[in-house]
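Single-structure report; data block below.
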2 protein chains.
Amino acid sequence: MSDTRDRIVKKTSELLMLQGYHGTGLNQIVAESNTPRGSLYYYFPNGKEELAAEAIRNRGEGMVEHIRAVLAQIDEPKEAINQLVQIMMANLLKRNFTTGAPVAGVAMEASNASEVLREACHDVYNLVSLPLKEKLAKVYDEEKADSLATAILAALEGALVMAYTSRSARPLEAVAEMLKDCLDKS
Amino acid sequence: MSDTRDRIVKKTSELLMLQGYHGTGLNQIVAESNTPRGSLYYYFPNGKEELAAEAIRNRGEGMVEHIRAVLAQIDEPKEAINQLVQIMMANLLKRNFTTGAPVAGVAMEASNASEVLREACHDVYNLVSLPLKEKLAKVYDEEKADSLATAILAALEGALVMAYTSRSARPLEAVAEMLKDCLDKS
DNA sequence: GTCTATAATAAGATAGAC
DNA sequence: GTCTATCTTATTATAGAC
């Protein structure tokens, strides 16, 4: 079994994050993934929408793994989450801001055109909030943990969008600072 | 002087928010703005990019006005900002989640393809954070006010993206709650 | 300022050979 | 599973009449 399919999904996932759905062409996906042209519709008979939905979910799973791994390193929830933001900033700098918000672009731009993609984005947000919620539940009651996890995710996603357009880590720094204040006291 | 140009910009601004740059066609803009086909390139000789840049800035100015007006109604910064979020939620519900994040979609999807649009989005984020910063500066020192304004903007923008995909006001509720905790203490 | 028609390009998708 | 060639459609953009 070849890794062609996997390479297509990975590259699509990456391009969607940076360029959105309509901004990413099948040609570019095929070219940059060094993948046979004919394979795309072999693996994804329903075309672009099917491929994009899988790529979005794939990114979601990747994020969950990453977040879970980072949060597992530090016991205290507030410190662990701060560490998560610090790592996001380091990655941003390391990759020179050529990394975007996980799904915000596609979410805004394709939710209107495709219910399939809207649901995929929605699912990713739900999925990604889980490890945050679990971590916070060690200190807060379930309702509070859930609400906080959602708010933190929103702040991080928004900060990544702003970081992307400003080519700067400042928005993430600001969120990190806010979260420190916030989690200290609530 | 006709209002044709203005109608084009307004409709573009609205569609960009919901569908992003690549997801919004010139055909749709002309059709839905009930605008003469031939006028588009008369007013915007440089085509879609020029039009989009102006539409983005136009939305930014509209947001600044709106935010300034809302924040002016309540003296205490923390309460005023909470009121702002409540109004955003009410608008979301009233319009049945057919309203998106101001610029997140375009920001993620077009920043890569066009430096002009990237700057437009960047400018909007800067502009919009100003009234927040000013309000917060009544209670915090300037550096703290600036950082908080940026973080709040990020949280709101992210929450709007999540609200858009989930067709729910919950993300905004969560942010409202977080901000209340946060601004209480910091 | 606005119209219609059309050019030029690129997109997503399909067919059939191998 | 992969290749090439092609179809269809939509897009941005332009030309020239009025």
Side-chain angles (χ1 to χ4, degrees), chain A residues 1-56 105-106 108-118 120, chain B residues 1-56 105-106 108-118 120:
Chain A
M1 191 172 186
S2 81
D3 64 343
T4 299
R5 188 193 148 96
D6 197 51
R7 289 220 312 282
I8 295 176
V9 172
K10 285 273 158 57
K11 178 53 75 176
T12 302
S13 159
E14 179 189 326
L15 290 175
L16 286 183
M17 177 172 68
L18 296 174
Q19 308 178 338
Y21 181 69
H22 294 101
T24 302
L26 260 23
N27 289 337
Q28 190 186 11
I29 292 171
V30 165
E32 292 192 18
S33 63
N34 286 312
T35 263
R37 247 209 115 59
S39 299
L40 209 154
Y41 282 91
Y42 173 79
Y43 288 114
F44 303 94
N46 289 11
K48 189 183 186 181
E49 193 181 43
E50 183 184 3
L51 166 57
E54 178 158 336
I56 290 165
V106 180
M108 286 312 305
E109 160 233 18
S111 286
N112 209 287
S114 156
E115 192 64 15
V116 169
L117 296 179
R118 206 208 95 225
Chain B
M1 193 174 182
S2 82
D3 65 341
T4 299
R5 189 193 147 97
D6 196 54
R7 289 221 311 283
I8 294 176
V9 173
K10 286 272 159 56
K11 176 55 74 174
T12 302
S13 160
E14 179 189 326
L15 290 175
L16 286 183
M17 176 173 69
L18 297 173
Q19 308 178 337
Y21 181 70
H22 294 102
T24 301
L26 260 23
N27 288 338
Q28 190 186 9
I29 292 171
V30 166
E32 292 192 19
S33 62
N34 285 312
T35 261
R37 252 209 115 61
S39 300
L40 209 153
Y41 281 91
Y42 173 78
Y43 289 113
F44 302 95
N46 289 11
K48 189 183 184 181
E49 193 181 44
E50 183 185 3
L51 166 58
E54 178 159 336
I56 290 165
V106 179
M108 287 311 306
E109 158 234 18
S111 285
N112 209 286
S114 156
E115 192 64 15
V116 170
L117 296 180
R118 206 208 96 226

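Computed from a predicted model, the values in this text were never measured in an experiment.
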Each nucleotide of nucleotides 3-18 of chain C classed B (base within 4.0 Å of a protein heavy atom), S (only sugar-phosphate) or -, in 5' to 3' order, makes BB------SSBB----
To the nearest 10 degrees, what angle separates the axes at the start and end of the helix from C:dG1-D:dC18 to C:dC18-D:dG1, five pairs each?
0°
Looking at A:Y42, I'd like to know whether one of its side-chain N or O atoms comes within less than 4.0 Å of OP1 or OP2 on D:dG1.
yes
Test side chain to side chain donor-acceptor pair (under 3.5 Å) applied to B:S111 - qualifying residues, sequence neighbours left out:
none
Can you tell me how far the CD atom of A:E109 sits from the CG atom of A:L117, to the nearest 0.5 Å?
9.0 Å
Who are the salt bridge (charged side-chain N to carboxylate O under 4.0 Å, His left out) partners of A:K11, not counting sequence neighbours?
A:E14, A:E32
Could you give the CG-to-C1' distance, from B:L40 to C:dG1, as a whole number of Å?
13 Å
Looking at D:dT2, I'd like to know if its phosphate oxygens (OP1 or OP2) sit under 4.0 Å from a side-chain N or O belonging to A:T4.
yes
Does A:E50 have any side chain to side chain donor-acceptor pair (under 3.5 Å) partners at least two apart in sequence or in another chain, and if so, which?
none
Going by salt bridge (charged side-chain N to carboxylate O under 4.0 Å, His left out), name the residues that satisfy it together with A:E54, two or more places apart in sequence or in a different chain.
A:R5
Using the side chain to side chain donor-acceptor pair (under 3.5 Å) criterion, which residues pair with A:T35? Sequence neighbours excluded.
A:S33
Distance in angstrom units between B:I8 CD1 and C:dG1 C1', rounded:
11 Å
Which residues satisfy the salt bridge (charged side-chain N to carboxylate O under 4.0 Å, His left out) test with A:R37, sequence neighbours excluded?
none
In whole angstrom, what separates B:E50's CD from D:dA13's C1'?
14 Å
Sequence neighbours left out, what passes side chain to side chain donor-acceptor pair (under 3.5 Å) with A:S39? Give chain and number order.
none
